[in-house]
Amino acid sequence: MMFCAKCGAAAKEGSKFCLNCGSPLSAESSAPPTYTPPVVTQQADLEERGRKKGGGFFSSGAGIALVIILGVAVLAGITFGIIFLVKGDANNQVDAATVDVWEEYESILEDNSTDLAQINMDPNALTKDQEELKKAQERVAALEKVLAKTGGTEERRNNNNNNNDNIQADNTRDIKAAQMAAALAAYNEYVKKMDEFLGALIGAIVNNQLFVTEVVNNLNAMLADLQKLATEVTNLSNKFLKDNEQVTVAKFNPPVLLFAKDITPQVEQKTAEAQAAEAARIEAERVAAEQAAAAEA
């Protein structure tokens, strides 16, 4: 268990961000933040006494000279750093904050792939899958907020610019932040559509409507939409990965994006069973009616 150093909220182990306040988490967040009083050593106490008396090395001529030399060196280092940043263009690579968002995004994809690995037609199991999808929506929404606050340049963050408008062609930081935002938005829509589909499927099973043509056509249309959204998520995620040396991914193919493909055969089988049962019921009623008519005659 991890804890946010800013708000103290608990977070899942390995998370990059606090889903309560959006603050970045670190490896040091494995325990609740505690206050450790400073340790005063005997040497520190002696130095403090020396300073109070006005003596010591740094009050001597040599000490003052050393302070001046160090000050000049620090100033030169700062100046050189500024010149380096200007000449090297700090916007020509993906910033660390956007990379952290990508890694958290991968964690969400992995968790969803595991949660939805054993899809079946049991309504209770499908309801649990819906609960996991709602948690995924919350995580993605929180991650979108984190990216808006931390990803790209300060200008983009201040303007809340989550698309490619007014982004310079050579500004890699903003381009990749916009691509990451697009991938997150697409995946959020994908998860919402899965949740919607499972709700419709549960209703059809519980109410015994899988033999109804309109219901079946609606489920098939939703599955087709899921296939398109999965492709969109894949394309946008690969767009972020393209020419991105800050992220190393062998292949982007999370199993969760195969949801529609994996569940379609089960839906078809369940539909065929429901249609056969309904046909048998209708035939039984027909035979019973004929027998009743013959008895009356």
Side-chain angles (χ1 to χ4, degrees), residues 12 15-24 94-113 115-116 129-130 132-169 171-199 221-244 246-247 249 251-261:
K12 181 179 178 181
S15 296
K16 295 288 184 181
F17 302 98
C18 172
L19 298 186
N20 182 51
C21 69
S23 299
V94 186
D95 57 277
T98 302
V99 173
D100 285 343
V101 168
W102 167 265
E103 292 177 352
E104 186 71 9
Y105 170 58
E106 281 191 300
S107 176
I108 294 174
L109 292 169
E110 182 179 353
D111 289 345
N112 293 163
S113 296
D115 295 335
L116 301 175
D129 293 329
Q130 272 193 301
E132 295 300 327
L133 289 175
K134 286 179 172 59
K135 293 178 183 178
Q137 291 179 51
E138 293 174 357
R139 291 178 67 186
V140 174
L143 200 54
E144 287 180 305
K145 292 180 181 179
V146 169
L147 180 62
K149 293 179 180 178
T150 63
T153 62
E154 183 178 357
E155 180 181 4
R156 178 181 185 276
R157 296 194 298 272
N158 291 340
N159 294 333
N160 195 25
N161 184 14
N162 290 322
N163 51 45
N164 290 324
D165 296 342
N166 301 323
I167 295 179
Q168 299 178 5
N171 191 332
T172 303
R173 291 185 65 182
D174 282 353
I175 290 173
K176 288 303 179 183
Q179 291 172 349
M180 184 72 257
L184 283 173
Y187 187 67
N188 204 358
E189 286 300 314
Y190 178 73
V191 174
K192 288 179 181 178
K193 178 61 69 172
M194 278 198 292
D195 185 15
E196 180 184 345
F197 170 80
L198 289 182
M222 294 172 75
L223 285 171
D225 288 341
L226 278 170
Q227 293 273 24
K228 293 178 183 178
L229 284 171
T231 300
E232 183 177 359
V233 172
T234 300
N235 291 339
L236 291 173
S237 298
N238 282 327
K239 194 172 182 179
F240 172 79
L241 292 174
K242 184 179 180 181
D243 301 326
N244 189 347
Q246 306 301 318
V247 179
V249 177
K251 189 176 182 181
F252 183 81
N253 58 347
V256 66
L257 297 183
L258 300 176
F259 172 81
K261 180 180 179 181

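Remember, it's a predicted structure, so these values are computed and weren't measured experimentally.
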4.5 Å side-chain heavy-atom contact, [X] and [Y]:
X	Y	result
Asp115	Asp129	no
Thr234	Leu257	yes
Thr150	Asp100	no
Arg156	Asn171	no
Phe197	Asp225	no
Leu229	Phe259	no
Leu133	Leu116	yes
Lys242	Asn238	no

Looking at Arg139 and Asp111, does any basic side-chain N land under 4.0 Å from a carboxylate oxygen?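 Result for this pair is yes, salt bridge flagged.
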Between the side chains of Lys135 and Glu138, is the shortest nitrogen-to-carboxylate-oxygen separation below 4.0 Å, so that they form an ion pair?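 A salt bridge is absent here (no side-chain N lies under 4.0 Å from a carboxylate O).
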Using the side chain to side chain contact (heavy atoms under 4.5 Å, CB included) rule, take Glu103 and Val99 through it: C-alpha gap first, then chi angles, then the decisive distance, then the call. CA-CA 6 Å; Glu103 292 177 352; Val99 173; 4.0 Å; yes
Roughly how far, to the nearest 0.5 Å, is the [atom2] atom of [Y] from the [atom1] atom of [X]?
X	Y	atom1	atom2	result
Asn253	Ser113	CG	OG	9.0 Å
Leu226	Leu258	CG	CG	12.0 Å
Lys261	Gln227	NZ	CD	8.0 Å
Lys239	Met180	NZ	CE	13.5 Å
Glu104	Leu184	CD	CG	10.5 Å

What is the minimum heavy-atom distance between Arg157 and Lys149, and which atoms define it?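 Distance-wise, the nearest heavy atoms are CD-O, 2.8 Å.
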Considering non-hydrogen atoms only, spot the tightest contact between Ser237 and Ala183 and give its length.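 Taking every non-hydrogen atom into account, OG-CB, 3.9 Å.
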Kindly determine whether Trp102 and Asn244 satisfy side chain to side chain contact (heavy atoms under 4.5 Å, CB included), including the steps that lead there. CA-CA 12 Å; Trp102 167 265; Asn244 189 347; over 6 Å; no
Quick one: does Asp95's side chain have a donor or acceptor within less than 3.5 Å of a partner on Gly152's backbone?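 Yes: the side chain of Asp95 pairs with the backbone of Gly152.
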When you look at CD of Glu110, are more than 12 heavy atoms from neighbouring residues, nucleotides or ligands closer to it than 6.0 Å?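 No, the 6.0 Å shell around CD holds no more than 12 heavy atoms from other groups.
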Donor + acceptor pair across side chains of Asn112, Tyr190 (<3.5 Å):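 Side-chain D/A pair, Asn112 to Tyr190: absent.
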Is it the case that the side chains of Gln137 and Lys134 hold a donor-acceptor pair, with the cut-off being a distance below 3.5 Å and no angle test?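 Result is no, nothing qualifies.
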Should the ring pair Tyr187 and Tyr105 be called parallel, tilted or perpendicular, given that the plane angle runs from 0 to 90° and is split at 30 and 60?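 Ring orientation of Tyr187 relative to Tyr105: perpendicular.
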